[in-house]
Amino acid sequence: MSGRGVFISFEGIDGAGKSTHIAALARVFAEAGRDVVQTREPGGTPLAEQLRALLLGQEMGPLTEALLMFAARRDHLDALIVPALKAGRVVLCDRFADATFAYQGSARGFDWERLELLERLVQGGAGPAGPTAGDALLQPDLTLWFDLPPAQAAQRLQGSRLPDKFERQPAAFFEAVRAGYARRAREHPQRFVRIDATGTVAQVWQAVQASVRARGWP
Ligand code: TYD
């Protein structure tokens, strides 16, 4: 389903430091002559960015939160990600569906199997009737999971800016988010790469580059 493009997602708890590396990787692909789209979730389209403002600013129940995350994701896929991949572009996405499993699933306690149901509905087919048999689930070709202990991530976030709804959560919440990512990594070993994010920016960048080169990119 991803056509000729390349779809890479970046995951990790808040403060894992993925933004720096997304920008650097975008430059590497661009220098190699690839057309790069840098985007994020929730967000990436005008509608999904409006949903992002609600999701990051307002308290809501876990079902509402999960549904809005997936609604934003569907618009993002329809309006930006799928057309870009069909056109052969490189899509670098700051968070994707794994974040919903880690945050709404593992940390908020929303049922994992129900999230998989929503995932199939939203990423399983483009038609208005929803996914049909044989439709492949649209997933990233590669997911770089920036992993580090929540205490270290919290230190990095300290004083950087006003924390949003998720960033205000206690350490136990991020332990659960981290466990959620670990579960997704176990369930999707072919596309997940765990990046040790405890090192210096240079060390982490080396690991990022190595994982991308191992796939034959850029
Ligand atoms: P984040 O990606 O950290 O952006 P910024 O660096 O601008 O803060 O913020 C997105 C927040 O949304 C983050 O706390 C994780 C949360 N989130 C979910 O809870 N579920 C999801 O499915 C996604 C995509 C994000």
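Counting starts at 1 for both ligands and their atoms, following the listed order.
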Output the distance between atom CG (Asp14) and atom CZ (Arg95), rounded to the nearest 0.5 Å.
5.0 Å

Is Arg161 touching ligand 1 with its side chain, its backbone, both, or neither, if touching means heavy atoms under 4.0 Å apart?
side chain

Any N/O of Ser19 closer than 3.5 Å to an N/O of ligand 1?
no

Determine, stepwise, if the pair Gln139 / Phe7 fulfils side-chain contact (heavy atoms from CB on, under 4.5 Å).
CA-CA 8 Å; Gln139 293 285 17; Phe7 183 15; over 6 Å; no

Just to confirm my output: which protein heavy-atom neighbour is closest to atom 17 (N) of ligand 1, and how far is it?
Met69 CE, 3.6 Å

Less than 4.0 Å between a side-chain N and a carboxylate O, is that true for Glu11 and Arg184?
no

To the nearest 0.1 Å, how far is atom 20 (N) of ligand 1 from its closest protein heavy atom, and which atom is that?
Gln104 OE1, 2.7 Å

Numbered atoms of ligand 1 (with element) below 4.0 Å of Leu56, judged on heavy atoms:
12 (O)

Within reach of ligand 1, part of Ala102 (heavy-atom separation under 4.0 Å)
neither

Which of the atoms of ligand 1 are close to Glu167, meaning less than 4.0 Å from one of its heavy atoms?
8 (O)

Please examine the side chains of Phe146 and Val208, heavy atoms only from C-beta on, and report whether any two atoms are closer than 4.5 Å.
yes

Give the numbers and elements of all ligand 1 atoms closer than 4.0 Å to a heavy atom of Glu41.
24 (C)

Take atom CZ of Arg114 as the centre, draw a 6.0 Å sphere, and report whether it contains more than 12 heavy atoms from other residues, nucleotides or ligands.
no

State the CG-CD distance between Leu68 and Gln104, to the nearest 0.5 angstrom.
10.0 Å

Would you mind telling me if ligand 1 is within reach of the side chain of Asp14, the backbone, both or neither, using heavy atoms under 4.0 Å?
side chain

Select one of side chain, backbone, both or neither to describe which atoms of Arg73 lie under 4.0 Å from any atom of ligand 1, heavy atoms only.
side chain

Is there at least one pair of N or O atoms, one from Arg40 and one from ligand 1, spaced under 3.5 Å apart?
no

Return yes if a side-chain donor-acceptor contact under 3.5 Å exists between Thr39 and His76, otherwise no.
yes

Nearest 0.5 Å, please: how far is CZ in Phe29 from CZ in Arg89?
15.0 Å

For Gly12 and Tyr103, work out which heavy atoms get closest and say how close.
O-OH, 3.7 Å

With heavy atoms of Ala99 as the reference, note each atom of ligand 1 found under 4.0 Å away.
20 (N), 21 (C), 22 (O), 23 (C), 24 (C)

Give a yes or no on this: more than 12 heavy atoms of other residues, nucleotides or ligands lie within 6.0 Å of atom CD of Glu187.
yes

Any heavy atom of Arg108 under 4.0 Å from ligand 1? The part involved is neither

Here the gap from Phe10 atom CZ to Leu144 atom CG, rounded to the nearest 0.5 Å, amounts to 5.5 Å

Ranked by distance from atom 7 (O) of ligand 1, the top protein heavy atom is Arg52 NH2, 3.2 Å

Derivation of the side-chain contact (heavy atoms from CB on, under 4.5 Å) call for Trp145 and Asp98
CA-CA 10 Å; Trp145 168 34; Asp98 301 309; over 6 Å; no

I need the nearest protein heavy-atom contact for atom 1 (P) of ligand 1: residue, atom name and distance, please.
Arg95 NE, 3.4 Å

What is the closest protein heavy atom to atom 22 (O) of ligand 1, and at what distance does it sit?
Thr100 OG1, 2.5 Å

Of Phe70, Phe173, Phe10, Phe166, the one whose closest heavy atom lies nearest atom 11 (C) of ligand 1 is Phe166

Atoms of ligand 1 less than 4.0 Å from Pro42 heavy atoms?
12 (O), 23 (C), 24 (C), 25 (C)

Which one holds for Lys18 and ligand 1: side chain close, backbone close, both close, or neither close, with close meaning a heavy atom under 4.0 Å?
side chain

